[in-house]
Amino acid sequence: IEYPLILINFKAYAEASGKKGLQLAKVAEKLSKEYGVTIAVAPQLTDLMFIAQQVDIPVFSQHVDDVSPGSHTGHVTLEAVKDAGAIGTMVNHSERRVRADQIDVVVKRARQLNLVTVVCTNTPEVTAAMAALGPDMVAIEPPELIGTGIPVSKAKPEVVTSSVDLVKKINPNVKVLCGAGITTGDDVAAALRLGTVGVLLASGVVKAKDWEKAILDLIRPILK
Ligand code: G3P
């Protein structure tokens with residue numbers, strides 16, 4: 001994966017479900033190709049394969065369980081998301097918390113399977129703890145700013161910088177993203193200035209009336 005990275009999480013939004021999810025992924029693909037920037041998408045699990053088969057940009061799962069393939073009704077395995085065409089997975093989102101020991105299993109198994117992991121965190125301290133597990137990325141998202149349009153990179157820059165500093169000390173190989181309230185190119189520029197390699201966002205794009213306009217504005221500071 002090339003940085004900077006804009007990762008768009010479709011969450012469970014109706015606006016990005018099924019065929020609409022594919023349309024959004026296509027818009028992301030088009031702009032990614034046109035402007036040479038890395039835009040990845042995390043569709044709803046039910047749409048993962050359908051979307052991954054039809055776009056040529058990185059596709060992530062929003063969640064996986066810490067189980068191996070087998071007798072685990074209702075669970076999602078790393079192997080299954082890999083088969084579906086995902087290059088990696090998010091894990092431990094504020095809206096989908098996972099126990100630390102389970103995150104550890106997911107990160108280790110993902111590495112064996114060559115899948116990229118993005119562990120979401122809520123505070124600098126949790127970010128540091130998760131960096132110790134050695135995922136590819138951590139994404140610091142203060143839960144109270146999620147979905148508000150108030151960007152973490154501007155409202156809580158100290159949360160981002162202290163996360164970046166702690167990760168550097170604990171495991172400098174781990175890249176840091178930030179998220180919550182990111183909607184504009186200025187927010188992305190601020191996130192990069194604070195030492196992150198990109199952003200994780202949802203509502204700023206998914207709920208925008210014009211997806212193309214919203215993504216174009218976001219990538220403005222990273223155009224090549
Ligand atoms: O995973 C991204 C997320 O939790 C941030 O949501 O809507 O504030 O961009 P949003």
Side-chain angles (χ1 to χ4, degrees), residues 1 4-17 20-21 24-25 27-28 38-45 47-48 51 57-64 76 81 86-98 103 106 116-124 126-127 130 135-157 159-160 163 175-192 194 196-211 213-222:
I1 214 158
L5 165 68
I6 309 278
L7 174 52
I8 306 171
N9 176 7
F10 294 7
K11 300 197 173 181
Y13 283 121
E15 290 87 342
S17 182
K20 284 177 272 174
L24 175 52
V27 172
T38 312
I39 306 174
V41 292
Q44 290 171 34
L45 272 169
D47 300 326
L48 193 58
I51 289 178
I57 52 172
V59 176
F60 284 80
S61 175
Q62 294 181 17
H63 167 80
V64 283
V76 180
V81 302
I87 68 139
T89 186
M90 296 163 51
V91 61
N92 193 43
H93 196 280
S94 280
E95 296 156 2
R96 192 69 162 91
R97 281 286 176 233
V98 176
I103 301 169
V106 167
V116 177
T117 43
V118 182
V119 178
C120 303
T121 58
N122 56 338
T123 64
V126 172
T127 308
M130 293 301 117
D136 296 279
M137 292 171 243
V138 287
I140 167 74
E141 304 197 312
E144 67 280 11
L145 295 178
I146 291 177
T148 61
I150 302 168
V152 57
S153 49
K154 288 189 178 158
K156 299 221 161 156
V159 170
V160 180
S163 297
K175 305 263 192 302
V176 182
L177 301 174
C178 70
I182 303 286
T183 42
T184 69
D186 288 351
D187 305 342
V188 173
L192 297 174
L194 297 173
T196 70
V197 298
V199 296
L200 170 59
L201 84 160
S203 53
V205 169
V206 174
K207 293 189 81 81
K209 280 197 200 87
D210 184 337
W211 289 331
K213 209 170 133 210
I215 299 176
L216 256 180
D217 183 58
L218 273 176
I219 61 177
R220 213 177 356 96
I222 55 169

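Atoms within each ligand, like the ligands themselves, are counted from 1 in listed order.
Taking OG1 from Thr117 and CD1 from Ile103, the interatomic distance works out to 10.5 Å, rounded to the nearest 0.5 Å. Rounding to the nearest 0.5 Å gives a distance of 10.5 Å between OG1 of Thr184 and CG of Leu201.
The side-chain heavy atoms of Trp211 and Ile8, taken from C-beta on, include no pair separated by under 4.5 Å. Side-chain contact check for Val152 versus Glu141: every heavy-atom pair is 4.5 Å or farther apart. Between Leu24 and Val41 there is no side-chain heavy-atom pair separated by less than 4.5 Å.
Protein residues with any heavy atom under 4.0 Å from ligand 1: Asn9, Lys11, His93, Glu141, Ile146, Gly147, Ala180, Gly181, Leu200, Leu201, Ala202, Ser203.
The number of heavy atoms from other shown groups lying within 6.0 Å of CZ (Arg96) does not exceed 12.
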